[in-house]
2 protein chains.
Amino acid sequence: MLKEERFQVILNQLNTDQKVQLAGLSNILQVSEDTVRRDIKELAEQGLLKSVRGGAIPHSPGPHHFKDRIGYGNEKKQIIANKALGFLKDDQVVIFDGGTSPLLIAQSLPKDIRLTVVTNSFPIASILEEHEKVEVLFAGGRLMKKSFVTVGSDTMHFFAKFRADICLMGICSIHPELGVTGPDYEESEVKKAMVDVSKEIIALSTVEKLGTAEGFYVCPTDQLTTIVTDQTGDSDDCKVYRDMGIHVI
Amino acid sequence: MLKEERFQVILNQLNTDQKVQLAGLSNILQVSEDTVRRDIKELAEQGLLKSVRGGAIPHSPGPHHFKDRIGYGNEKKQIIANKALGFLKDDQVVIFDGGTSPLLIAQSLPKDIRLTVVTNSFPIASILEEHEKVEVLFAGGRLMKKSFVTVGSDTMHFFAKFRADICLMGICSIHPELGVTGPDYEESEVKKAMVDVSKEIIALSTVEKLGTAEGFYVCPTDQLTTIVTDQTGDSDDCKVYRDMGIHVI
DNA sequence: AAACAATTTGCAATATATTGCAATATTTGA
DNA sequence: TCAAATATTGCAATATATTGCAAATTGTTT
(Lines give C-alpha, C1' and ligand atoms only; values in the text may rest on other atoms or scores of the structure.)
Protein backbone atom coordinates (compact mmCIF):
# COMPACT_ATOMS: atom_id res chain seq x y z
CA MET A 1 0.00 0.00 0.00
CA LEU A 2 1.30 3.41 -0.99
CA LYS A 3 2.04 6.01 1.60
CA GLU A 4 -0.29 8.37 -0.18
CA GLU A 5 -3.10 5.86 0.12
CA ARG A 6 -2.62 5.86 3.83
CA PHE A 7 -2.77 9.63 3.76
CA GLN A 8 -6.11 9.47 2.03
CA VAL A 9 -7.47 6.98 4.50
CA ILE A 10 -6.34 9.09 7.41
CA LEU A 11 -7.85 12.26 5.98
CA ASN A 12 -11.08 10.52 5.13
CA GLN A 13 -11.52 9.08 8.55
CA LEU A 14 -10.67 12.44 10.00
CA ASN A 15 -13.39 14.04 7.94
CA THR A 16 -16.05 11.60 9.02
CA ASP A 17 -15.10 11.13 12.66
CA GLN A 18 -13.46 14.45 13.44
CA LYS A 19 -10.60 12.53 14.99
CA VAL A 20 -8.25 9.62 14.41
CA GLN A 21 -6.21 7.54 16.81
CA LEU A 22 -2.89 5.85 16.32
CA ALA A 23 -4.04 2.44 17.48
CA GLY A 24 -7.08 2.41 15.23
CA LEU A 25 -5.22 3.55 12.16
CA SER A 26 -2.42 1.13 12.85
CA ASN A 27 -5.00 -1.65 12.64
CA ILE A 28 -6.80 -0.40 9.59
CA LEU A 29 -3.68 0.39 7.61
CA GLN A 30 -1.76 -2.64 8.82
CA VAL A 31 1.37 -0.70 9.67
CA SER A 32 3.05 0.06 12.95
CA GLU A 33 1.98 2.96 15.12
CA ASP A 34 5.33 4.54 14.41
CA THR A 35 4.52 4.76 10.77
CA VAL A 36 1.09 6.19 11.43
CA ARG A 37 2.70 8.73 13.68
CA ARG A 38 5.12 9.69 10.95
CA ASP A 39 2.29 9.95 8.45
CA ILE A 40 0.38 12.24 10.74
CA LYS A 41 3.44 14.32 11.29
CA GLU A 42 3.88 14.74 7.57
CA LEU A 43 0.25 15.65 7.04
CA ALA A 44 0.47 18.12 9.87
CA GLU A 45 3.41 19.79 8.18
CA GLN A 46 1.27 20.20 5.10
CA GLY A 47 -1.34 21.84 7.26
CA LEU A 48 -3.95 19.21 6.49
CA LEU A 49 -4.58 18.24 10.08
CA LYS A 50 -3.42 18.95 13.55
CA SER A 51 -1.33 16.34 15.30
CA VAL A 52 -2.29 15.70 18.90
CA ARG A 53 -1.17 13.22 21.48
CA GLY A 54 -2.41 9.79 20.47
CA GLY A 55 -3.75 10.78 17.08
CA ALA A 56 -4.90 13.80 15.15
CA ILE A 57 -7.82 16.19 14.77
CA PRO A 58 -8.91 18.37 11.87
CA HIS A 59 -6.96 21.52 11.43
CA SER A 60 -8.73 24.67 12.50
CA PRO A 61 -9.76 26.75 9.52
CA GLY A 62 -7.46 29.68 9.25
CA PRO A 63 -4.75 31.61 7.58
CA HIS A 64 -2.28 28.82 7.17
CA HIS A 65 -1.13 29.93 3.82
CA PHE A 66 1.16 32.37 5.59
CA LYS A 67 3.56 29.56 6.20
CA ASP A 68 3.96 29.02 2.49
CA ARG A 69 4.83 32.63 1.95
CA ILE A 70 8.18 32.34 3.61
CA GLY A 71 10.54 32.46 0.69
CA TYR A 72 13.32 29.95 0.63
CA GLY A 73 15.79 32.20 -1.11
CA ASN A 74 16.76 34.03 2.01
CA GLU A 75 19.69 32.52 3.80
CA LYS A 76 20.95 35.93 4.86
CA LYS A 77 17.84 36.65 6.82
CA GLN A 78 17.96 33.21 8.34
CA ILE A 79 21.47 33.96 9.54
CA ILE A 80 20.18 37.13 11.12
CA ALA A 81 17.29 35.26 12.68
CA ASN A 82 19.56 32.68 14.24
CA LYS A 83 21.74 35.34 15.78
CA ALA A 84 18.78 37.25 17.12
CA LEU A 85 17.33 34.15 18.73
CA GLY A 86 20.03 34.37 21.36
CA PHE A 87 18.48 37.52 22.78
CA LEU A 88 15.16 35.95 23.61
CA LYS A 89 14.73 34.42 27.04
CA ASP A 90 11.78 32.96 28.89
CA ASP A 91 9.29 35.36 30.44
CA GLN A 92 10.19 38.36 28.36
CA VAL A 93 7.74 40.69 26.71
CA VAL A 94 8.76 41.00 23.08
CA ILE A 95 7.44 43.20 20.32
CA PHE A 96 7.63 41.69 16.85
CA ASP A 97 7.58 44.08 13.96
CA GLY A 98 6.16 43.00 10.61
CA GLY A 99 8.48 41.92 7.81
CA THR A 100 10.37 38.85 6.80
CA SER A 101 13.18 38.95 9.34
CA PRO A 102 11.01 38.94 12.44
CA LEU A 103 8.89 36.29 10.78
CA LEU A 104 11.89 34.04 10.39
CA ILE A 105 12.74 34.56 14.03
CA ALA A 106 9.23 33.60 15.06
CA GLN A 107 9.51 30.57 12.86
CA SER A 108 12.79 29.50 14.41
CA LEU A 109 11.66 30.03 17.97
CA PRO A 110 11.96 26.97 20.23
CA LYS A 111 8.52 25.41 20.58
CA ASP A 112 8.55 25.57 24.35
CA ILE A 113 9.81 29.08 24.95
CA ARG A 114 7.64 31.12 27.31
CA LEU A 115 7.09 34.63 25.99
CA THR A 116 4.57 37.39 25.74
CA VAL A 117 4.57 38.56 22.16
CA VAL A 118 3.02 41.83 21.07
CA THR A 119 2.68 42.26 17.34
CA ASN A 120 0.71 43.80 14.54
CA SER A 121 1.63 41.13 12.01
CA PHE A 122 -0.80 38.43 10.98
CA PRO A 123 1.84 36.03 9.72
CA ILE A 124 3.74 36.21 12.98
CA ALA A 125 0.69 35.67 15.13
CA SER A 126 -0.27 32.83 12.86
CA ILE A 127 3.04 31.07 13.17
CA LEU A 128 3.02 31.37 16.93
CA GLU A 129 -0.10 29.24 17.08
CA GLU A 130 1.96 26.17 17.81
CA HIS A 131 3.90 27.69 20.65
CA GLU A 132 1.83 26.69 23.64
CA LYS A 133 3.58 28.95 26.09
CA VAL A 134 3.64 32.07 23.98
CA GLU A 135 0.88 34.51 24.75
CA VAL A 136 0.08 36.62 21.74
CA LEU A 137 -1.29 40.12 22.11
CA PHE A 138 -2.39 41.39 18.78
CA ALA A 139 -2.56 45.08 17.96
CA GLY A 140 -5.83 46.09 16.37
CA GLY A 141 -6.17 48.62 13.61
CA ARG A 142 -6.65 48.97 9.91
CA LEU A 143 -5.42 45.94 8.03
CA MET A 144 -2.96 46.52 5.21
CA LYS A 145 -3.70 43.74 2.78
CA LYS A 146 -0.38 43.79 1.05
CA SER A 147 1.79 43.12 4.06
CA PHE A 148 -0.86 41.79 6.44
CA VAL A 149 -0.03 44.11 9.27
CA THR A 150 -2.33 46.49 11.06
CA VAL A 151 -1.63 50.23 11.08
CA GLY A 152 -3.23 53.45 12.18
CA SER A 153 -3.78 55.27 15.42
CA ASP A 154 -5.48 52.31 17.07
CA THR A 155 -2.44 50.19 16.42
CA MET A 156 -0.16 52.83 17.87
CA HIS A 157 -2.30 53.29 20.95
CA PHE A 158 -2.28 49.57 21.50
CA PHE A 159 1.51 49.46 21.69
CA ALA A 160 1.52 52.50 23.93
CA LYS A 161 -0.07 50.37 26.64
CA PHE A 162 2.92 48.08 26.99
CA ARG A 163 6.47 48.16 28.28
CA ALA A 164 8.41 45.60 26.32
CA ASP A 165 11.78 44.09 27.14
CA ILE A 166 12.75 43.75 23.52
CA CYS A 167 11.59 45.12 20.21
CA LEU A 168 12.59 43.16 17.13
CA MET A 169 12.49 45.54 14.22
CA GLY A 170 12.51 44.25 10.68
CA ILE A 171 14.48 45.60 7.79
CA CYS A 172 14.76 49.34 7.87
CA SER A 173 17.39 51.59 6.50
CA ILE A 174 19.85 52.75 9.10
CA HIS A 175 21.96 55.86 8.71
CA PRO A 176 24.36 57.30 11.31
CA GLU A 177 22.91 60.78 11.09
CA LEU A 178 19.57 60.42 9.35
CA GLY A 179 18.42 57.76 11.79
CA VAL A 180 16.24 54.73 11.22
CA THR A 181 13.87 55.09 8.30
CA GLY A 182 11.31 52.97 6.49
CA PRO A 183 9.67 52.88 3.07
CA ASP A 184 6.06 53.24 4.22
CA TYR A 185 4.53 56.09 6.16
CA GLU A 186 1.95 54.16 8.11
CA GLU A 187 4.23 51.33 9.03
CA SER A 188 6.97 53.69 10.07
CA GLU A 189 4.55 55.47 12.38
CA VAL A 190 3.72 52.16 14.00
CA LYS A 191 7.40 51.36 14.40
CA LYS A 192 7.78 54.65 16.23
CA ALA A 193 5.18 53.55 18.71
CA MET A 194 6.98 50.24 19.13
CA VAL A 195 10.38 51.65 19.89
CA ASP A 196 8.92 54.19 22.30
CA VAL A 197 7.84 51.48 24.70
CA SER A 198 10.78 49.09 24.43
CA LYS A 199 13.76 48.87 26.74
CA GLU A 200 15.94 47.18 24.18
CA ILE A 201 15.64 47.67 20.44
CA ILE A 202 17.17 45.12 18.11
CA ALA A 203 17.31 46.11 14.48
CA LEU A 204 17.56 43.30 11.97
CA SER A 205 19.32 44.45 8.88
CA THR A 206 21.49 43.18 6.08
CA VAL A 207 24.68 45.15 5.64
CA GLU A 208 23.41 46.69 2.39
CA LYS A 209 20.86 48.65 4.36
CA LEU A 210 23.47 50.20 6.61
CA GLY A 211 24.27 53.77 5.73
CA THR A 212 21.13 54.17 3.61
CA ALA A 213 17.94 56.07 4.27
CA GLU A 214 14.36 56.00 3.08
CA GLY A 215 11.42 58.33 3.14
CA PHE A 216 9.91 57.95 6.57
CA TYR A 217 11.55 58.55 9.88
CA VAL A 218 11.27 56.05 12.72
CA CYS A 219 13.77 56.98 15.40
CA PRO A 220 17.31 58.28 15.93
CA THR A 221 19.98 55.68 15.33
CA ASP A 222 21.39 55.92 18.83
CA GLN A 223 18.10 54.70 20.22
CA LEU A 224 18.99 51.26 18.91
CA THR A 225 20.53 48.84 21.37
CA THR A 226 21.75 46.29 18.88
CA ILE A 227 22.03 45.86 15.15
CA VAL A 228 22.03 42.26 13.96
CA THR A 229 23.54 41.83 10.50
CA ASP A 230 24.26 38.91 8.23
CA GLN A 231 28.02 39.50 8.47
CA THR A 232 30.47 39.31 11.33
CA GLY A 233 30.00 42.96 12.18
CA ASP A 234 33.61 43.97 12.65
CA SER A 235 33.93 45.72 9.29
CA ASP A 236 34.48 49.43 8.87
CA ASP A 237 30.86 50.00 7.91
CA CYS A 238 29.92 48.99 11.39
CA LYS A 239 32.50 50.97 13.29
CA VAL A 240 30.51 54.19 13.23
CA TYR A 241 27.60 52.45 14.94
CA ARG A 242 29.85 50.83 17.46
CA ASP A 243 31.23 54.24 18.31
CA MET A 244 27.70 55.32 19.07
CA GLY A 245 27.47 52.61 21.69
CA ILE A 246 25.42 50.21 19.62
CA HIS A 247 26.25 46.52 19.60
CA VAL A 248 26.77 45.34 16.07
CA ILE A 249 26.90 41.59 15.49
CA MET B 1 3.89 -2.24 -27.23
CA LEU B 2 4.22 1.45 -27.88
CA LYS B 3 5.08 3.86 -25.18
CA GLU B 4 1.88 5.77 -25.79
CA GLU B 5 -0.14 2.61 -25.31
CA ARG B 6 1.46 2.13 -21.95
CA PHE B 7 0.60 5.69 -21.08
CA GLN B 8 -3.02 4.98 -21.83
CA VAL B 9 -3.03 1.85 -19.72
CA ILE B 10 -1.41 3.69 -16.83
CA LEU B 11 -3.85 6.56 -16.97
CA ASN B 12 -6.80 4.23 -17.26
CA GLN B 13 -5.83 2.20 -14.28
CA LEU B 14 -5.18 5.37 -12.40
CA ASN B 15 -8.64 6.54 -13.24
CA THR B 16 -10.34 3.39 -12.04
CA ASP B 17 -8.23 2.61 -8.99
CA GLN B 18 -7.07 6.06 -7.95
CA LYS B 19 -3.57 4.64 -7.77
CA VAL B 20 -1.04 2.57 -9.64
CA GLN B 21 1.97 0.65 -8.42
CA LEU B 22 5.19 -0.07 -10.21
CA ALA B 23 5.12 -3.82 -9.61
CA GLY B 24 1.59 -4.20 -10.90
CA LEU B 25 2.16 -2.15 -14.02
CA SER B 26 5.41 -3.92 -14.71
CA ASN B 27 3.44 -7.16 -14.83
CA ILE B 28 0.57 -5.89 -16.93
CA LEU B 29 2.71 -4.03 -19.43
CA GLN B 30 5.44 -6.66 -19.53
CA VAL B 31 8.23 -4.17 -19.16
CA SER B 32 10.71 -3.60 -16.38
CA GLU B 33 9.88 -1.44 -13.40
CA ASP B 34 12.49 1.00 -14.60
CA THR B 35 10.52 1.63 -17.74
CA VAL B 36 7.29 2.06 -15.86
CA ARG B 37 9.06 4.47 -13.57
CA ARG B 38 10.27 6.47 -16.53
CA ASP B 39 6.79 6.47 -18.03
CA ILE B 40 5.34 7.77 -14.82
CA LYS B 41 8.01 10.42 -14.62
CA GLU B 42 7.13 11.59 -18.08
CA LEU B 43 3.42 11.67 -17.36
CA ALA B 44 4.11 13.56 -14.18
CA GLU B 45 6.02 16.19 -16.14
CA GLN B 46 2.94 16.64 -18.28
CA GLY B 47 0.95 17.12 -15.12
CA LEU B 48 -1.29 14.14 -15.79
CA LEU B 49 -0.55 12.42 -12.51
CA LYS B 50 1.53 12.73 -9.42
CA SER B 51 4.52 10.46 -9.11
CA VAL B 52 5.04 9.03 -5.66
CA ARG B 53 7.37 6.47 -4.23
CA GLY B 54 6.28 3.06 -5.46
CA GLY B 55 3.79 4.26 -8.03
CA ALA B 56 1.56 7.21 -8.78
CA ILE B 57 -1.68 8.84 -7.75
CA PRO B 58 -4.04 11.22 -9.58
CA HIS B 59 -2.75 14.73 -9.75
CA SER B 60 -5.26 16.49 -7.52
CA PRO B 61 -6.70 13.75 -5.38
CA GLY B 62 -9.48 13.65 -2.83
CA PRO B 63 -10.60 16.32 -0.41
CA HIS B 64 -7.51 18.35 0.14
CA HIS B 65 -7.67 22.04 0.25
CA PHE B 66 -9.83 24.00 2.55
CA LYS B 67 -12.47 25.03 0.04
CA ASP B 68 -13.34 21.40 -0.56
CA ARG B 69 -13.66 20.92 3.10
CA ILE B 70 -16.94 22.73 3.19
CA GLY B 71 -18.36 19.27 3.33
CA TYR B 72 -19.49 17.23 6.26
CA GLY B 73 -21.45 19.23 8.81
CA ASN B 74 -21.28 22.45 6.94
CA GLU B 75 -23.98 22.20 4.33
CA LYS B 76 -26.40 23.65 6.82
CA LYS B 77 -24.12 26.51 7.58
CA GLN B 78 -23.62 27.19 3.91
CA ILE B 79 -27.38 27.47 3.52
CA ILE B 80 -27.41 29.97 6.35
CA ALA B 81 -24.54 31.87 4.79
CA ASN B 82 -26.29 32.16 1.47
CA LYS B 83 -29.41 33.54 3.10
CA ALA B 84 -27.44 36.02 5.16
CA LEU B 85 -25.60 37.34 2.13
CA GLY B 86 -28.80 39.08 1.08
CA PHE B 87 -28.49 41.49 3.99
CA LEU B 88 -25.14 42.89 3.01
CA LYS B 89 -25.07 45.95 0.76
CA ASP B 90 -22.31 48.21 -0.48
CA ASP B 91 -20.98 50.85 1.90
CA GLN B 92 -22.17 49.23 5.08
CA VAL B 93 -20.15 48.81 8.23
CA VAL B 94 -20.40 45.18 9.25
CA ILE B 95 -19.15 43.37 12.31
CA PHE B 96 -18.17 39.76 11.75
CA ASP B 97 -18.13 37.53 14.76
CA GLY B 98 -15.77 34.54 14.95
CA GLY B 99 -17.01 31.06 14.17
CA THR B 100 -17.71 28.97 11.14
CA SER B 101 -20.93 30.60 9.98
CA PRO B 102 -19.57 34.13 9.59
CA LEU B 103 -16.51 32.60 7.99
CA LEU B 104 -18.63 30.96 5.34
CA ILE B 105 -20.37 34.25 4.70
CA ALA B 106 -17.06 36.00 4.26
CA GLN B 107 -16.00 33.28 1.89
CA SER B 108 -19.15 33.60 -0.20
CA LEU B 109 -19.01 37.37 -0.38
CA PRO B 110 -18.96 38.85 -3.92
CA LYS B 111 -15.40 39.83 -4.74
CA ASP B 112 -16.29 43.41 -5.60
CA ILE B 113 -18.55 44.30 -2.69
CA ARG B 114 -17.59 47.53 -0.93
CA LEU B 115 -17.74 47.15 2.85
CA THR B 116 -16.08 48.14 6.04
CA VAL B 117 -15.62 45.00 8.08
CA VAL B 118 -14.81 45.04 11.77
CA THR B 119 -13.81 41.71 13.19
CA ASN B 120 -11.78 39.92 15.81
CA SER B 121 -11.37 36.77 13.74
CA PHE B 122 -8.13 35.93 11.98
CA PRO B 123 -9.65 33.53 9.48
CA ILE B 124 -12.18 36.11 8.41
CA ALA B 125 -9.66 38.89 8.02
CA SER B 126 -7.46 36.51 6.13
CA ILE B 127 -10.15 35.50 3.67
CA LEU B 128 -11.06 39.10 2.98
CA GLU B 129 -7.59 39.68 1.59
CA GLU B 130 -8.89 39.15 -1.92
CA HIS B 131 -11.72 41.62 -1.63
CA GLU B 132 -10.16 44.82 -2.91
CA LYS B 133 -12.94 47.08 -1.77
CA VAL B 134 -13.39 45.69 1.69
CA GLU B 135 -11.64 47.66 4.38
CA VAL B 136 -10.79 45.46 7.31
CA LEU B 137 -10.54 46.87 10.81
CA PHE B 138 -9.13 44.28 13.10
CA ALA B 139 -9.80 44.29 16.82
CA GLY B 140 -6.68 43.93 18.90
CA GLY B 141 -6.45 41.89 22.06
CA ARG B 142 -5.30 38.61 23.46
CA LEU B 143 -5.21 35.90 20.81
CA MET B 144 -7.06 32.69 21.57
CA LYS B 145 -5.08 30.04 19.76
CA LYS B 146 -7.86 27.53 19.65
CA SER B 147 -10.33 29.62 17.70
CA PHE B 148 -8.03 32.32 16.33
CA VAL B 149 -10.02 35.22 17.63
CA THR B 150 -8.93 38.03 19.91
CA VAL B 151 -10.58 38.57 23.26
CA GLY B 152 -10.21 40.67 26.37
CA SER B 153 -10.90 44.23 27.34
CA ASP B 154 -8.83 45.67 24.49
CA THR B 155 -10.97 43.82 22.02
CA MET B 156 -14.15 45.08 23.65
CA HIS B 157 -12.94 48.65 23.74
CA PHE B 158 -12.07 48.43 20.08
CA PHE B 159 -15.60 47.55 19.12
CA ALA B 160 -16.94 50.24 21.40
CA LYS B 161 -15.48 52.84 19.05
CA PHE B 162 -17.72 51.88 16.15
CA ARG B 163 -21.33 52.12 15.14
CA ALA B 164 -22.02 49.21 12.82
CA ASP B 165 -24.94 48.77 10.48
CA ILE B 166 -24.97 45.02 10.88
CA CYS B 167 -23.54 42.51 13.27
CA LEU B 168 -23.25 38.92 12.02
CA MET B 169 -23.16 36.71 15.04
CA GLY B 170 -22.04 33.11 14.78
CA ILE B 171 -23.63 30.10 16.36
CA CYS B 172 -24.95 30.82 19.81
CA SER B 173 -27.70 29.23 21.72
CA ILE B 174 -30.89 31.24 21.63
CA HIS B 175 -33.62 30.90 24.21
CA PRO B 176 -36.82 32.96 24.39
CA GLU B 177 -36.36 33.86 28.05
CA LEU B 178 -32.74 33.07 28.87
CA GLY B 179 -31.50 35.16 25.95
CA VAL B 180 -28.50 34.61 23.70
CA THR B 181 -25.75 32.59 25.32
CA GLY B 182 -22.36 31.19 24.33
CA PRO B 183 -20.05 28.39 25.48
CA ASP B 184 -17.03 30.54 26.30
CA TYR B 185 -16.82 33.37 28.78
CA GLU B 186 -14.30 35.55 27.00
CA GLU B 187 -15.87 35.22 23.61
CA SER B 188 -19.30 35.92 24.99
CA GLU B 189 -18.04 39.11 26.57
CA VAL B 190 -16.73 40.23 23.21
CA LYS B 191 -20.04 39.40 21.55
CA LYS B 192 -21.69 41.66 24.11
CA ALA B 193 -19.50 44.52 22.98
CA MET B 194 -20.37 43.78 19.37
CA VAL B 195 -24.11 43.82 19.79
CA ASP B 196 -23.96 46.99 21.86
CA VAL B 197 -22.73 49.03 18.90
CA SER B 198 -24.76 47.46 16.10
CA LYS B 199 -28.00 48.79 14.65
CA GLU B 200 -29.02 45.43 13.26
CA ILE B 201 -28.07 42.09 14.75
CA ILE B 202 -28.30 38.98 12.64
CA ALA B 203 -27.89 35.72 14.49
CA LEU B 204 -26.79 32.72 12.45
CA SER B 205 -28.09 29.56 14.00
CA THR B 206 -29.14 26.07 13.08
CA VAL B 207 -32.58 25.15 14.39
CA GLU B 208 -31.09 22.75 16.91
CA LYS B 209 -29.67 25.68 18.79
CA LEU B 210 -33.03 27.39 19.12
CA GLY B 211 -34.56 27.03 22.54
CA THR B 212 -31.27 25.99 24.13
CA ALA B 213 -28.93 27.86 26.43
CA GLU B 214 -25.29 27.74 27.45
CA GLY B 215 -23.19 29.07 30.24
CA PHE B 216 -22.43 32.64 29.30
CA TYR B 217 -24.86 35.44 28.64
CA VAL B 218 -24.55 37.68 25.61
CA CYS B 219 -27.74 39.69 25.26
CA PRO B 220 -31.51 39.45 25.59
CA THR B 221 -33.17 37.64 22.74
CA ASP B 222 -35.33 40.59 21.74
CA GLN B 223 -32.22 42.59 20.95
CA LEU B 224 -31.82 40.44 17.85
CA THR B 225 -33.14 41.85 14.60
CA THR B 226 -33.06 38.67 12.58
CA ILE B 227 -32.39 34.99 13.08
CA VAL B 228 -31.14 33.15 10.01
CA THR B 229 -31.68 29.39 10.21
CA ASP B 230 -31.07 26.48 7.90
CA GLN B 231 -34.80 25.77 7.62
CA THR B 232 -37.68 27.73 6.15
CA GLY B 233 -38.39 29.40 9.45
CA ASP B 234 -42.16 29.03 9.55
CA SER B 235 -42.14 26.12 11.97
CA ASP B 236 -43.60 26.27 15.46
CA ASP B 237 -40.15 26.51 17.01
CA CYS B 238 -39.78 29.87 15.39
CA LYS B 239 -43.17 31.29 16.18
CA VAL B 240 -42.16 32.42 19.65
CA TYR B 241 -39.36 34.53 18.21
CA ARG B 242 -41.59 35.94 15.55
CA ASP B 243 -43.98 37.03 18.22
CA MET B 244 -41.13 38.94 19.81
CA GLY B 245 -40.77 40.97 16.63
CA ILE B 246 -37.74 39.11 15.31
CA HIS B 247 -37.48 38.13 11.66
CA VAL B 248 -36.87 34.42 11.36
CA ILE B 249 -35.83 33.13 7.97
C1' DA C 1 6.05 10.06 43.56
C1' DA C 2 5.13 6.09 41.09
C1' DA C 3 3.03 3.99 37.01
C1' DC C 4 1.71 4.27 32.62
C1' DA C 5 1.20 6.05 27.86
C1' DA C 6 2.93 8.54 24.12
C1' DT C 7 6.80 10.61 21.76
C1' DT C 8 11.48 11.05 20.25
C1' DT C 9 15.71 9.26 18.65
C1' DG C 10 18.96 6.16 16.67
C1' DC C 11 19.44 2.13 14.17
C1' DA C 12 19.24 -1.77 10.97
C1' DA C 13 16.55 -4.22 7.34
C1' DT C 14 14.19 -3.65 3.38
C1' DA C 15 12.14 -1.25 -0.55
C1' DT C 16 12.43 2.09 -3.94
C1' DA C 17 15.12 5.74 -6.81
C1' DT C 18 18.85 7.29 -9.41
C1' DT C 19 22.60 7.00 -12.37
C1' DG C 20 25.61 5.29 -15.88
C1' DC C 21 25.99 2.05 -19.31
C1' DA C 22 25.36 -1.28 -22.95
C1' DA C 23 22.12 -3.57 -26.10
C1' DT C 24 18.42 -2.98 -29.11
C1' DA C 25 15.03 -0.48 -31.66
C1' DT C 26 13.63 3.65 -34.20
C1' DT C 27 14.20 7.72 -36.84
C1' DT C 28 16.72 10.80 -39.91
C1' DG C 29 18.99 12.29 -43.93
C1' DA C 30 21.69 11.58 -47.86
C1' DT D 1 18.23 1.78 -48.96
C1' DC D 2 21.84 2.28 -45.71
C1' DA D 3 24.49 4.30 -42.18
C1' DA D 4 24.58 7.42 -38.52
C1' DA D 5 22.15 9.64 -34.95
C1' DT D 6 18.77 9.28 -31.50
C1' DA D 7 15.62 7.11 -28.34
C1' DT D 8 14.19 3.37 -25.65
C1' DT D 9 14.89 -0.39 -22.70
C1' DG D 10 16.85 -3.38 -19.11
C1' DC D 11 20.50 -4.05 -15.89
C1' DA D 12 23.78 -3.24 -12.16
C1' DA D 13 25.85 -0.35 -8.71
C1' DT D 14 24.95 3.09 -5.65
C1' DA D 15 22.15 6.39 -3.13
C1' DT D 16 17.99 7.57 -0.74
C1' DA D 17 13.54 6.59 1.68
C1' DT D 18 10.58 3.95 4.39
C1' DT D 19 9.56 1.00 7.97
C1' DG D 20 9.57 -1.31 12.46
C1' DC D 21 11.99 -1.92 16.65
C1' DA D 22 14.08 -0.61 21.11
C1' DA D 23 16.02 2.57 24.36
C1' DA D 24 15.67 7.00 26.27
C1' DT D 25 12.76 10.92 27.10
C1' DT D 26 8.74 13.42 27.92
C1' DG D 27 3.91 13.97 29.28
C1' DT D 28 -0.19 12.36 31.80
C1' DT D 29 -2.74 10.01 35.30
C1' DT D 30 -3.32 7.92 39.75
Side-chain angles (χ1 to χ4, degrees), chain A residues 1-14 17-59 72 85 89-91 107-115 128-135, chain B residues 1-14 17-59 61-62 145-146:
Chain A
M1 173 176 271
L2 264 50
K3 189 168 65 155
E4 282 69 19
E5 290 184 74
R6 296 202 307 266
F7 285 5
Q8 280 304 39
V9 173
I10 293 173
L11 291 174
N12 282 340
Q13 181 163 358
L14 197 58
D17 297 358
Q18 300 297 294
K19 69 166 184 188
V20 290
Q21 286 179 319
L22 292 179
L25 286 174
S26 171
N27 252 321
I28 294 170
L29 301 171
Q30 287 296 304
V31 292
S32 76
E33 291 197 9
D34 300 72
T35 299
V36 177
R37 192 175 288 117
R38 279 187 274 236
D39 286 351
I40 285 178
K41 189 179 170 194
E42 199 170 329
L43 289 168
E45 275 162 11
Q46 294 177 41
L48 296 168
L49 48 71
K50 183 161 167 51
S51 167
V52 298
R53 189 183 178 81
I57 55 175
H59 202 300
Y72 291 95
L85 274 178
K89 312 284 183 203
D90 276 350
D91 299 310
Q107 173 108 98
S108 314
L109 226 43
K111 288 278 183 287
D112 63 341
I113 195 169
R114 191 168 59 242
L115 291 178
L128 293 174
E129 175 194 13
E130 298 156 5
H131 298 72
E132 286 294 332
K133 297 175 183 169
V134 174
E135 176 163 45
Chain B
M1 174 177 273
L2 260 46
K3 191 163 69 154
E4 281 69 21
E5 293 183 71
R6 295 202 307 269
F7 284 7
Q8 271 315 108
V9 174
I10 294 173
L11 291 173
N12 280 342
Q13 182 164 356
L14 194 60
D17 296 357
Q18 300 298 300
K19 66 153 186 181
V20 290
Q21 283 177 303
L22 291 180
L25 286 174
S26 171
N27 252 320
I28 294 169
L29 301 171
Q30 287 297 304
V31 292
S32 75
E33 292 197 8
D34 301 69
T35 299
V36 178
R37 193 176 287 117
R38 279 186 273 238
D39 287 350
I40 284 178
K41 191 178 171 192
E42 197 166 329
L43 289 167
E45 276 161 9
Q46 295 176 40
L48 296 169
L49 48 70
K50 183 164 161 49
S51 167
V52 300
R53 188 184 176 84
I57 56 176
H59 189 252
K145 294 189 176 163
K146 200 183 51 171

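Throughout, a chain's letter reflects where its sequence line sits, starting with A, and its residues are numbered from 1.
Where B/G55 and B/R38 each meet DNA chain C at their nearest nucleotide, the meeting point lying more 5' is that of B/G55. For the pair B/R6 and B/R53, nearest-nucleotide mapping onto DNA chain D gives the more 5' position to B/R6.
Following rounding to the nearest Å, B/E42 (CD) and D/dT9 (C1') show an atom-to-atom distance of 13 Å. For A/L2 and D/dT18, the CG to P distance is 11 Å, given to the nearest whole Å. One interatomic measurement links the two molecules: CG of B/D39 to P of D/dT8, which rounds to 10 Å at whole-angstrom precision. The distance between atom NZ of A/K41 and atom P of D/dG20, rounded to the nearest whole Å, is 16 Å. Taking atom CD of residue A/E5 and atom C1' of nucleotide D/dT18, one finds them 15 Å apart after rounding to whole Å. We find that CD1 of A/I40 is positioned 13 Å from P of D/dT19, with the value rounded to whole Å.
In summary, A/E4 and B/K50 do not engage in a salt bridge, as defined by a charged side-chain N under 4.0 Å from a carboxylate O.
A donor-acceptor pair is defined here as one N or O able to donate and one able to accept, closer than 3.5 Å; no such pair exists between the side chain of A/K133 and the backbone of A/D90. A side-chain donor-acceptor contact under 3.5 Å links B/S26 to the backbone of B/V31. Judged by distance alone, the side chain of B/K145 and the main-chain N or O of A/L128 form a donor-acceptor pair under 3.5 Å.
Results of the side chain to side chain contact (heavy atoms under 4.5 Å, CB included) test with A/P58 over A/V20, A/L49, A/L11, A/L14 single out A/L14 as the only residue that passes.
The stretch residues 21-37 of chain B touches DNA chain C through B/L22, B/R37, each having a heavy atom under 4.0 angstrom from the strand.
Atoms CD and CG, from A/E42 and A/L48 in turn, are 10.0 Å apart once rounded to the nearest 0.5 Å.
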